[in-house]
Amino acid sequence: MDTVDTDHLTAAQAAAHADRARQALSAGAARVKPATIRQWASRGHLKATGLAADGRSRTYRLADVARAELATRARALQHVST
């Protein structure tokens with residue numbers, strides 16, 4: 001397994017972290033993919049912090065990913081309850 005710099009995660013690494021959290025909270029019913037991380041960034045919910053070693057992939061801070069996932073889940077639950 002690759003070592004992960006938790007200060008700077010690629011979309012795939014960020015998705016894996018958010019996915020584990022969402023899987024635990026949803027009993028396996030929800031998934032987070034790298035495309036989801038990129039959507040959160042394009043919609044302004046998540047800010048890229050730099051570039052990965054490949055010079056192309058954007059990186060995101062783990063704490064920011066967690067906040068974006070929490071906010072996204074809260075918005076989804078708000079829509080369900082209305």
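Residues forming a side chain to side chain donor-acceptor pair (under 3.5 Å) with R43 (at least two apart in sequence, or on another chain): Q39. T36 meets the side chain to side chain donor-acceptor pair (under 3.5 Å) test with no other residue; sequence neighbours excluded.
The two residues P34 and A12 come nearest to each other via the heavy atoms CG-CA, 3.7 Å. Closest heavy-atom contact between A18 and V65: CB-CG1, 4.0 Å.
Atom OH of Y60 sits about 10.5 Å away from atom CG of L9, to the nearest 0.5 Å. Taking NE2 of H8 as the reference point, atom OG of S57 lies at 14.5 Å (rounded to 0.5 Å). Interatomic distance, NZ of K47 versus CZ of R61, reported as 10.5 Å (0.5 Å rounding). A distance of 13.0 Å separates NE2 in H45 from CG in L70, rounded to the nearest 0.5 Å.
Here the side chains of T72 and E69 are not in contact, with every heavy-atom distance at 4.5 Å or above. At least one side-chain heavy atom of R58 sits under 4.5 Å from a side-chain heavy atom of L51.
The backbone N or O of T59 sits less than 3.5 Å from a side-chain atom of T49, completing a donor-acceptor pair.
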